[in-house]
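Before any comments, here is the structure.
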There are 4 protein chains.
Amino acid sequence: MFITIDPNDRRPIYEQVADEIKALIARGELGEGEALPPVRQLATDLGVNMNTIAVSYRQLQAEGLITIKHGSGAVVASRFAARTDEKELRRPLRNALTSFVLAGLSTGRIMQIVKEEMGELSQK
Amino acid sequence: MFITIDPNDRRPIYEQVADEIKALIARGELGEGEALPPVRQLATDLGVNMNTIAVSYRQLQAEGLITIKHGSGAVVASRFAARTDEKELRRPLRNALTSFVLAGLSTGRIMQIVKEEMGELSQK
Amino acid sequence: MFITIDPNDRRPIYEQVADEIKALIARGELGEGEALPPVRQLATDLGVNMNTIAVSYRQLQAEGLITIKHGSGAVVASRFAARTDEKELRRPLRNALTSFVLAGLSTGRIMQIVKEEMGELSQK
Amino acid sequence: MFITIDPNDRRPIYEQVADEIKALIARGELGEGEALPPVRQLATDLGVNMNTIAVSYRQLQAEGLITIKHGSGAVVASRFAARTDEKELRRPLRNALTSFVLAGLSTGRIMQIVKEEMGELSQK
DNA sequence: GTGGTCTAGACCACG
DNA sequence: GTGGTCTAGACCACC
């Protein structure tokens, strides 16, 4: 399980970690029922505060992606179980696409990039 | 010119406003050379402080999308002139797509949504 | 006499105009005793407000570069007569050089650029 | 770390502060990875409002010179990483040199001053 | 009339 | 304890 954080990324660390774990789950690299690394270990590996990782896990739990059992760690609840509303999901997508348009990329090029990114999300 | 802000949105107001204006520019609803509403007026309309809107405008100027002339308002500089790097643009796209996958949507459905959103960005 | 203003330049118009006139005087294209164009005409040519040009002229007069005679226009007072203090002049120079350093240009390249710019200032 | 602001300087305080920090970075007195003083502390030291310094820091971040980590302060990102365009840099240089010419300084004297200033920018 | 800057002070987010 | 955001209100600069 490879998770990396980028200090130059302006998103908070807990969000970077949560996003990376989401990607692992989406790709199937972390399957249903599989255990996530202990908070303490992941924190040490990444060189960040334990509380920061705890926040990431809590967020993933709130979205229904993992279950945290006191004393026995966190496990992936179920792929495709994110508690989100399609309408709410569209806004970040729209913003991302807007940036591409404003950067001057053609619709064709943008669709190509979307396909590339989708491809990486379905590898497994 | 319709701009709305959502108090439940976790993003800061100034960013919501900037994003909405970017979308208007991308869609061509705000064309090159066209004037943006005065800072104070938009602030009053949205019920927020003048400074908040000023921050939005300053950010849009820093990205090269508008030019602010001290005594005479802000105008759209040039569509497709955002100072951004394709690589930096991909991360938000990837995150947005990941959310759809985790919500259980099929690749086909996701591509359909992307096409819908792209369609709205090229209306004009 | 060619003066141009750049709407994308974030400096106030009156300052752009004053700076351009200073450059003309420094280069000798506007010699001592020579008349500046009437405020009204320059304003029309540039498509700006008359008051804006008046401010430029007033600033040039304050610096001792021109004399404004009520009713008979403005004339170049004397080249090399700017009322300025060497120490005060260094700050903008230092800032300009700092920007080059931070942009990663080598000392050699920077000195070359300085020589190029100096060359253009002594054409006449 | 010595930063001073000059109330007689026409530039806004936040810009003076940003320029001084840029100079410190260019000179190497603030090296890569080194921490900047906390916003509140610098504000108190200079006797200005916290927000004013926050604006300086935000500008430096936008130029890529520092990275701000939400709960843990601001650090120098990388010397020589300013996101700027050589052409845009020349105008301030040209204006600075013009002022020297108009003050009656000889080309030789001006080049000497440039060398002096460049020397101070490469001390470390 | 426009936008720019600055202040004092409050409350929130992050680590 | 760090920075981020927002407000209300003042005063200045520009056109």
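A quick note: this is a predicted structure, and the numbers were derived from the prediction, not measured. Sequence lines set the chain letters: A, B, ... in the order given, protein chains first and strands last, and positions in each chain run from 1.
- Between the CG atom of B/Asn51 and the P atom of E/dA8 there is a distance of 15 Å, given to the nearest Å.
- Residue whose closest nucleotide on DNA chain E sits further toward the 5' end, between B/Met50 and A/Pro12: B/Met50.
- Remark: E/dT2 base-pairs with F/dA13; criterion is Watson-Crick or G-U wobble with both hydrogen-bond distances under 3.5 Å.
- The separation between C/Leu42 atom CG and F/dC15 atom C1' is 15 Å, rounded to whole Å.
- An OP1 or OP2 oxygen of F/dT5 is reached within less than 4.0 angstrom by no side-chain nitrogen or oxygen of B/Thr52.
- Comparing B/Tyr14 and C/Asn49, the nucleotide of DNA chain F nearest to each residue sits closer to the 5' end for B/Tyr14.
- Donor-acceptor pairing under 3.5 Å, judged by distance alone, is absent between the side chain of B/Arg58 and the base of E/dG4.
- Between the B/Glu34 side chain and the B/Val76 main chain, no donor and acceptor come within less than 3.5 Å of each other.
- Looking at heavy-atom distances under 4.0 Å, D/Val48 makes contact with sugar-phosphate atoms alone, never a base.
- For D/Leu60 and F/dG3, the CG to C1' distance is 15 Å, given to the nearest whole Å.
- Judged by closest nucleotide on DNA chain F, D/Lys69 is the one of D/Lys69 and B/Arg11 placed further toward the 5' end.
- Here the C1' atom of nucleotide F/dT7 and the CD1 atom of B/Ile5 are 13 Å apart, to the nearest Å.
- Summary of the strand contacts: B/Tyr57 and D/Ile13 both lie near DNA chain E, and taking for each the nucleotide with the nearest heavy atom, the more 5' one is attributed to B/Tyr57.
- A/Gln16 contributes a side-chain N or O that, together with a main-chain N or O of A/Asp6, makes up a donor-acceptor pair within less than 3.5 Å.
- Between the side chain of D/Arg40 and the base of F/dG1 there is no donor-acceptor pair of N/O atoms closer than 3.5 Å.
- Residue B/Arg10 contributes atom CZ, which lies 16 Å from atom P of F/dG4 at whole-angstrom precision.
- Rounded to an integer number of Å, the gap from B/Gln41 CD to E/dG1 C1' is 12 Å.
- The nearest whole Å value for the distance from the CD atom in D/Glu15 to the P atom in E/dT5 is 8 Å.
- Considering OG1 of D/Thr67 and CG of D/Leu60, their distance stands at 11.5 Å, rounded to 0.5 Å.
- Following rounding to the nearest Å, B/Ile68 (CD1) and E/dG1 (P) show an atom-to-atom distance of 20 Å.
- Between D/Arg91 and C/Asp19 there is no salt bridge, since no side-chain nitrogen of the basic residue lies less than 4.0 Å from a carboxylate oxygen of the acidic one.
- Rounding to the nearest 0.5 angstrom, the gap separating the CD1 atom in C/Ile66 from the CD1 atom in C/Ile68 is 4.5 Å.
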